[in-house]
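Report on one structure; see the data block that follows.
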Amino acid sequence: MLNKEQIKEIIPQREPFLMIDEIEQYVPGESATAYKNVDESEWYFKGHFPGNPIMPGVLITESLAQTGAVAILSMEENKGKNALFGGIDKMKFKKMVVPGDRLKLEVKIIKRKGPIGVGEATATVDGKIAAKGELTFAVV
């Protein structure tokens, strides 16, 4: 288990844009599983949507990307680098994510060639898929 401070030793994101709270497990260069505890005080709920707060799909996607970044940037040769979006493919949103949800984020690296790679990403709440797709990244 990694807490937020340990996560910040691997990826460069910081509050309020650090979108993962803990890492359950990770294998450098292969996979990572993280959690985001969705709290009603999150900054984005002020406008998305008043009276009906729903976590934006782009932020679920960002949470998945940060989870994948832990897998990639924990590799010895990538320490101190950043992982940027190269593309988002086949991303589908199946379930609303709302305050009180514990979002489980799983990313498996399925392709890598030099600094470019692809992660298969799945976000679930209580075992139900909230979002699923492929994220292409570039390590810089």
Side-chain angles (χ1 to χ4, degrees):
M1 263 309 201
L2 299 180
N3 63 29
K4 274 192 173 188
E5 293 309 309
Q6 293 166 313
I7 293 167
K8 289 193 263 187
E9 292 175 12
I10 300 172
I11 64 174
Q13 286 84 351
R14 298 294 181 263
E15 290 86 0
F17 212 70
L18 180 59
M19 302 299 294
I20 53 178
D21 295 318
E22 62 190 55
I23 295 289
E24 180 178 71
Q25 66 81 27
Y26 69 103
V27 178
E30 293 182 23
S31 65
T33 301
Y35 291 91
K36 167 71 177 153
N37 299 312
V38 183
D39 188 85
E40 65 185 24
S41 66
E42 303 280 356
W43 58 272
Y44 46 84
F45 286 140
K46 291 178 187 173
H48 199 269
F49 299 98
N52 186 28
I54 300 169
M55 186 175 184
V58 295
L59 295 182
I60 296 169
T61 305
E62 176 64 24
S63 300
L64 286 163
Q66 289 181 20
T67 301
V70 169
I72 290 301
L73 298 180
S74 62
M75 296 173 63
E76 192 60 41
E77 64 266 30
N78 291 335
K79 289 192 187 297
K81 295 182 179 179
N82 199 354
L84 303 178
F85 269 125
I88 302 169
D89 196 24
K90 303 176 191 166
M91 187 61 70
K92 302 286 184 195
F93 301 96
K94 304 285 189 178
K95 179 184 181 338
M96 289 187 293
V97 177
V98 298
D101 284 346
R102 182 166 164 83
L103 192 58
K104 183 175 185 178
L105 306 151
E106 299 173 280
V107 178
K108 180 180 177 186
I109 306 306
I110 57 173
K111 290 183 205 172
R112 259 191 16 223
K113 186 172 183 178
I116 307 297
V118 176
E120 183 179 77
T122 306
T124 58
V125 175
D126 296 327
K128 295 183 176 108
I129 293 176
K132 186 175 176 110
E134 291 183 356
L135 306 175
T136 301
F137 61 85
V139 176
V140 295

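- Sparse packing is recorded around CG of D126, with 12 or fewer heavy atoms of other residues, nucleotides or ligands lying under 6.0 Å away.
- For the side chain to side chain contact (heavy atoms under 4.5 Å, CB included) with L135, the qualifying choice from T67, V118, I109, T61 is T61, the only one to do so.
- For E22 (side chain) and N3 (main-chain N/O), no donor-acceptor pair under 3.5 Å exists by modelled atom type.
- At least one side-chain heavy atom of R112 sits under 4.5 Å from a side-chain heavy atom of F137.
- The hydrophobic clustering, which links ILVMFWY residues whose side-chain heavy atoms are closer than 4.5 Å, places F49 and F45 apart.
- Inter-residue side-chain proximity for V70 and Y26 is flagged as met; some heavy-atom pair is nearer than 4.5 Å.
- Side-chain atoms of R102 and V38, non-hydrogen and from C-beta on, never get closer than 4.5 Å to each other.
- Counting only heavy atoms from C-beta outward, the side chains of L105 and T33 never approach each other to under 4.5 Å.
- The two residues A123 and I60 have their closest heavy-atom pair at CB-CG2, 3.9 Å.
- Rounded to the nearest 0.5 angstrom, L18 CG and S63 OG are separated by 9.0 Å.
- The number of heavy-atom neighbours closer than 6.0 Å to CD of E77, taken from other residues, nucleotides and ligands shown, is above 12.
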Practice task
Begin from the C-alpha positions of E15 and K8 and carry the test side-chain contact (heavy atoms from CB on, under 4.5 Å) through to its verdict.
Solution key: CA-CA 10 Å; E15 290 86 0; K8 289 193 263 187; 3.2 Å; yes
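- M91 has its side chain within reach of F93: a pair of non-hydrogen atoms, C-beta onward, lies under 4.5 Å apart.
- Expressed to the nearest 0.5 Å, how far OH of Y35 lies from CD of E24 amounts to 3.5 Å.
- The pair E120-K111 does not meet the salt-bridge criterion, since no charged nitrogen lies less than 4.0 angstrom from a carboxylate oxygen.
- Residues I110 and V27 do not share a hydrophobic cluster, clusters being chains of Ile/Leu/Val/Met/Phe/Trp/Tyr side chains in contact below 4.5 Å.
- Taking both residues in full, the closest heavy atoms of V97 and A130 are given as CG2-CB, 3.8 Å, listed atom of the first, atom of the second, then distance.
- In this structure, K36 does not pair ionically with E62, as no charged nitrogen and carboxylate oxygen lie closer than 4.0 Å.
- In this structure, CD1 in I10 is found 5.0 Å from CG in L2, a value given to the nearest 0.5 Å.
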Practice task
Would you sort out whether L59 and F17 count as a side-chain contact (heavy atoms from CB on, under 4.5 Å), showing the intermediate values?
Solution key: CA-CA 9 Å; L59 295 182; F17 212 70; 4.0 Å; yes
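- With no hydrogens or angles considered, no side-chain donor-acceptor pair links E106 and T122 at under 3.5 Å.
- The shortest side-chain heavy-atom distance between M55 and M96 does not fall under the 4.5 Å cut-off.
- Closest heavy-atom contact between D39 and E42: O-CG, 2.7 Å.
- Residue M1 comes nearest to Q6 through the heavy atom pair O-OE1, 3.7 Å, listed as atom of the first residue, atom of the second, then distance.
- Among all heavy-atom pairs drawn from D101 and K95, the shortest one is OD2-NZ, 4.5 Å.
- Closest approach of N82 to P12, counting heavy atoms only: OD1-CG, 3.5 Å.
- Cluster annotation: L84 is not connected to I11 through the hydrophobic network of ILVMFWY side chains, with a link wherever side-chain heavy atoms come within less than 4.5 Å.
- Heavy-atom contacts from other residues, nucleotides or ligands closer than 6.0 Å to NZ of K94 number 12 or fewer.
- Counting only distance, with no hydrogens or angles, the side chain of N78 and the backbone of I72 share a donor-acceptor pair below 3.5 Å.
- Taken together through direct or relayed side-chain contacts under 4.5 Å among Ile, Leu, Val, Met, Phe, Trp and Tyr, I54 and L64 form parts of separate hydrophobic clusters.
- Between I88 and T136 the shortest side-chain heavy-atom distance does not fall below 4.5 Å.
- Residues K81 and V139 have side chains in contact (heavy-atom distance under 4.5 Å, counting atoms from C-beta outward).
- The CD atom of E30 sits 9.0 Å away from atom CE of M75, with the distance rounded to the nearest 0.5 Å.
- Separation of atoms CG (N37) and CG (L103) is listed at 9.5 Å; rounding is to 0.5 Å.
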Exercise for the section: Evaluate side-chain contact (heavy atoms from CB on, under 4.5 Å) for I116 paired with K113, printing each intermediate quantity in order. Expected result: CA-CA 5 Å; I116 307 297; K113 186 172 183 178; 5.6 Å; no
